[in-house]
2 protein chains.
Amino acid sequence: MLDKSHKHVSCATCGARKDSHFGSFCDHDVELTNEQKTCAYFKKGQAIFVEGSFPRGVYCLNQGKVKVFTRGDEGKEQIIHIAKEGEIIGFRAMFSGEAYKVSALTLEECNICYIAKDDFLNMIDTNPTLRNGIMKELSKELGDRAVFITNMAQKSVRERLAFALLILGDIYGDEQINLTREDMANFVGTATETLIRLLKDFKDEGIIEIHTRKLEILDQEKLIHLAGK
Amino acid sequence: MLDKSHKHVSCATCGARKDSHFGSFCDHDVELTNEQKTCAYFKKGQAIFVEGSFPRGVYCLNQGKVKVFTRGDEGKEQIIHIAKEGEIIGFRAMFSGEAYKVSALTLEECNICYIAKDDFLNMIDTNPTLRNGIMKELSKELGDRAVFITNMAQKSVRERLAFALLILGDIYGDEQINLTREDMANFVGTATETLIRLLKDFKDEGIIEIHTRKLEILDQEKLIHLAGK
DNA sequence: TAAAAAAAATGATTTTAATCACCTTTCAAT
DNA sequence: ATTGAAAGGTGATTAAAATCATTTTTTTTA
């Protein structure tokens, strides 16, 4: 169980910071950011921001994972991204000046810090390293989504699942993949039933092991091969 | 037929500039850019850059339209974007430091200017208005692609075609939409035969008029309704 | 710890859209 | 102006995956 107090996370000691966009900050900037940010505990399944509303700041994940998704016509979720410790989320809509086109919801208990819009934009204006890092991320994401769109259009569900498992394996690192079947289906872009059947196939083929809700990748090479280009 | 000389386009008189990212440039910067850029004539169907190669500069469209696409496993194109006069293309991979994840190919005769990487990055570093405009575009595109992914996952081909026609109508403005059926199918993410059949349905329903290759939108409201959210 | 709710799993059926095979029209080049 | 190639179009068939209906298992909470 995570500490639920709102002040316990300090930027100077934040474990997620060193590999984040704030990793290159000097001590002075770290301290300034520490004073600007507020920190909050989120329980599992809690909304961070919702599609259609307007951003007033950005969220920096200290602990825990978050799903970022849109809802289609009939309210069905399409998961666009799963963010993990160290990621900043919600800055896209801030730059574009639009309402959020996605929602963000915690997948587990999280500690999340908040930096107000003006403070963050000021950082971007004055810190070229941060700015270039953010531009690089925006650009990289854009390329990834082009590939994602192509996959949706041209690959079978089986191929897309292999691709998705590789991405999820990356996000979860040493931990086992831990998502509901429904969330996983909404990430792959398929029906829950179809996903369940395909997971079983993968298990029968020795590609993954299923520990109830948690998935373990046994044969990454095979997944790479299955996923194609 | 466009002028094919390589020097005829001047930034100062470029008709596409005022609504572009360079629209806010002062006279001095316009002149500097004019000296930095080179200009080239491209005939229809010519490649501007190709997936997998590394960017050495950006391309600014003075005249003509360009398709931006990826190729899936079997070489089938997925059109991600259709760029028109005034747009800058190819800067994503420059910021991300990766190889191009997309290719760009002219859809008609084009005049296209080229600005070398260092010159462009220097502009970005020193001109906050340009920089913010680019960041805004990156961010907006990212949101649009999230919606696109959701559409691919959840909408029928008919709905996606309606959506695509609205986007194309926007891009082509007063002109009629002018794409091969194959390109249109590769934009919608469907088979050419399916697209042809659906276009005929739309025609029978009085939504569009087909003038051989060119399409005219008759009932935009109906398209909006069909496309859904 | 028992009951209720949520998630996972399975089978049968239907639907959508892809694929295949072929014909016609349009366009570009000689 | 002719001809060949590219693009557009049509019908029949197949295949992939969605949907629907239920059952089983796991998790949560009263």
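Since the model is a prediction, treat every value here as computed from it, not as a measurement. Chain naming here is simple, since letters A, B, ... match the order of the sequence lines and numbering starts at 1 in each.
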A/D201 CG - D/dA17 P separation (whole Å) | 11 Å

Starting from C1' on C/dA7, measure out to CG on A/N186 and report it in whole angstrom.
-> 14 Å

Rounded to the nearest Å, what distance is computed from the CG atom of residue B/L198 to the P atom of nucleotide D/dG8?
-> 15 Å

Closest nucleotide among C/dA17, D/dT10, D/dA17 to the B/K200 side chain = D/dT10

Using a cut-off of 4.0 Å on non-hydrogen atoms, how would the nucleic acid contact of A/R197 be classed: base, sugar-phosphate, or nothing?
-> base

To the nearest angstrom, the CZ-P distance between A/R181 and D/dA18 comes to 17 Å

Distance, rounded to the nearest Å, where A/I196 contributes CD1 and D/dT19 contributes P = 14 Å

Any chance you could lay out the side-chain hydrogen bond (donor to acceptor under 3.5 Å, both in side chains) test for B/H81 and B/E87, step after step, and finish with the verdict?
-> CA-CA 11 Å; B/H81 179 63; B/E87 284 190 55; 2.8 Å; yes

Using only side-chain N and O atoms of B/S156, determine if any of them is under 4.0 Å from OP1 or OP2 of C/dT16.
-> no

On DNA chain C, nearest-nucleotide positions of B/K44 versus B/E193: which is more 5'?
-> B/E193

Send over the distance from B/H211 NE2 to D/dG9 C1', rounded to a whole Å.
-> 18 Å

Between A/T180 and C/dA6, does any side-chain N or O lie under 4.0 Å from OP1 or OP2?
-> no

Euclidean distance, atom NZ of residue B/K155 to atom P of C/dA17 [Å, nearest integer] = 13 Å

Remember a base hit wins even if backbone is also touched, and classify B/T192 as base, sugar-phosphate or nothing at under 4.0 Å, heavy atoms.
-> nothing

Any side-chain donor-acceptor pair under 3.5 Å between B/E98 and B/S96?
-> yes

When the nearest nucleotide of DNA chain C is assigned to B/T212 and to A/R213 on a heavy-atom basis, which residue is associated with the more 5' position?
-> A/R213

Ion pair present between B/E108 and B/K67, side-chain N to carboxylate O less than 4.0 angstrom?
-> no

Does atom CD of A/Q46 have more than 12 heavy-atom neighbours from other groups under 6.0 Å away?
-> yes

Expressed in angstrom and rounded to an integer, what is the separation of A/E159 atom CD from D/dA16 atom P?
-> 11 Å

For A/R145 and B/A146 the tightest heavy-atom approach is NH1-CB, 3.8 Å

